Enquirer: 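If you scroll down you'll find the structure; I have some questions about it.
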Number of protein chains: 2
Amino acid sequence: MDTKSLIIDITTTLFQQKGYKGVGLNEILKVCNISKGSFYHHFPNGKEEALIACLQSMSEAITSDIEDIFNRYPTTEEATKKMIEKVIGIFEREGTITSCTISSIVSEMESLSDQVRHTCSDLYIKMQRIYSAKLAADGFSKETANSIAVMMNASIEGAIMLCLTQNSSEPLTVISNLLPKLLKKV
Amino acid sequence: MDTKSLIIDITTTLFQQKGYKGVGLNEILKVCNISKGSFYHHFPNGKEEALIACLQSMSEAITSDIEDIFNRYPTTEEATKKMIEKVIGIFEREGTITSCTISSIVSEMESLSDQVRHTCSDLYIKMQRIYSAKLAADGFSKETANSIAVMMNASIEGAIMLCLTQNSSEPLTVISNLLPKLLKKV
DNA sequence: GTCTATAAGCAGATAGAC
DNA sequence: GTCTATCTGCTTATAGAC
């Protein structure tokens, strides 16, 4: 594995855990076991350039995970249930679920560049597109599918924040049980 | 108004906008127009002590706002609708809604003290208690009321994050329109 | 209760050797 | 491509005068 990929991999986790401002360059160098010179060779524009690369890495990892699950199960209801189960599984194994969200970056956006905002926005849109396509296949109108996709995205992201705050996977369990209500055709 | 309250008021906004790590002590002093000596007189244990005070201030402001609205409207559905309308109004007037959430702090929690985590958790529990009480009054069983309250909390917090990311109040509008589906008694 | 001066350490970033 | 040495500016925090 090359150095650049190593930096992206390790730094992605650090950013997800502690946020952008919460991770110092020296910490990155230490954990990656590299020098400043090496870091700046791969990211000439410094830490924020690394952040963008990490966000793209998170985006790929998260969307491909979701796509995988949504391709494996026939309905949105089943796929969503399995997806949340997977996140809960990660929580129970690793003790945290920061790897499943970019909320640590989103929350700092106000002080970061517009490129960061766009990269975050892109990820959310991609997630919602996956949900929306499945919902349309379930028979919802395009408009309704889009609305439910936003609601799914919001409630899952919000529930992840609640889980992190309460140190418990319960909020995710609760919304997993309630989401079917949203997927009823009235 | 005394200095301590002034510091708490101004710093609360800064923390909500930029997160804990994102706000330097010098910035606080500058905006409050006070000196280091004055700051450390009121908060001998430094910045994190100020954060706890600010979190309590946010907690009071947010819960009393919600309580106010939930007392004014007869059903959860109406109250929720009005509450989200209010947040959207703030977004349209101020261009942001960081004042309505503690997500910036929640996202940094992994690197902060356990006291911070508890204070954040407390706020979420208080919000859910207000929702849950109203839902019980609407006729839901205690258990169901608690579940829906978690879902409301998660989806609203999540939607706020989406709004901040997309620079648009649309996600809040979408969930406001969908929440009634959750409040249907099956 | 507020001020200034000071301190030790770390931030992100650069230069230039190898 | 990786290294060390260095730089500037900022970080939180303290001491002590007023």
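Below, chains carry the letters A, B, ... as their sequence lines are ordered, and counting in each starts from 1. Keep in mind it's a predicted model, so treat the numbers as computed, not measured.
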Enquirer: What salt bridge (charged side-chain N to carboxylate O under 4.0 Å, His left out) pairs are there with at least one residue in residues 20-39 of chain B, not counting sequence neighbours?
Expert: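 Those involving residues 20-39 of chain B are B/K18-B/E27.
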Enquirer: Reading DNA chain C 5' to 3', which nucleotide is the first, and which the last, to come under 4.0 Å of any heavy atom in chain A?
Expert: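 Extent of the interface on DNA chain C: C/dA11 to C/dT14.
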Enquirer: List for me each residue that meets salt bridge (charged side-chain N to carboxylate O under 4.0 Å, His left out) alongside B/D114, sequence neighbours excluded, and say none if there are none.
Expert: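 So B/D114 forms a salt bridge (charged side-chain N to carboxylate O under 4.0 Å, His left out) with B/R117.
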Enquirer: With sequence neighbours left out, which residue pairs that include part of residues 175-186 of chain A fulfil the salt bridge (charged side-chain N to carboxylate O under 4.0 Å, His left out) condition?
Expert: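 Of all non-adjacent pairs touching residues 175-186 of chain A, none passes salt bridge (charged side-chain N to carboxylate O under 4.0 Å, His left out).
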Enquirer: Could you give all pairs that pass the salt bridge (charged side-chain N to carboxylate O under 4.0 Å, His left out) test and reach residues 59-71 of chain A, with sequence neighbours left out?
Expert: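 Sorted pair list: A/D65-A/K86, A/D68-A/R72.
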Enquirer: Taking N or O atoms only and anything under 3.5 Å, show me the protein contacts with nucleotides 8-15 of chain D, one pair per line.
Expert:
from	atom 1	to	atom 2	distance (Å)
D/dT11	OP2	B/N26	ND2	2.8
D/dT12	OP1	B/L25	N	3.4
D/dT12	OP1	B/K47	NZ	2.8
D/dT12	OP2	B/L25	N	2.4
D/dA13	OP2	B/Y40	OH	2.9
D/dA13	OP2	B/K47	N	3.4
D/dA13	O5'	B/Y40	OH	3.3
D/dA13	N6	B/K36	NZ	3.2

Enquirer: Going by ring pair (Phe, Tyr, Trp, His ring centres under 6.0 Å), name the residues that satisfy it together with A/F39, two or more places apart in sequence or in a different chain.
Expert: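 A/F39 satisfies ring pair (Phe, Tyr, Trp, His ring centres under 6.0 Å) with A/F43 only.
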Enquirer: Show me the pairs that pass ring-ring contact (aromatic ring centres under 6.0 Å, His included) and involve residues 127-183 of chain B, at least two apart or across chains.
Expert: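 Counting only pairs at least two positions apart or across chains, the ring-ring contact (aromatic ring centres under 6.0 Å, His included) contacts touching residues 127-183 of chain B are B/F70-B/Y131.
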Enquirer: Under the side chain to side chain contact (heavy atoms under 4.5 Å, CB included) rule, collect the residues that match up with B/R93, sequence neighbours excluded.
Expert: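 Scan of B/R93 (side chain to side chain contact (heavy atoms under 4.5 Å, CB included), adjacent residues dropped) gives B/I90.
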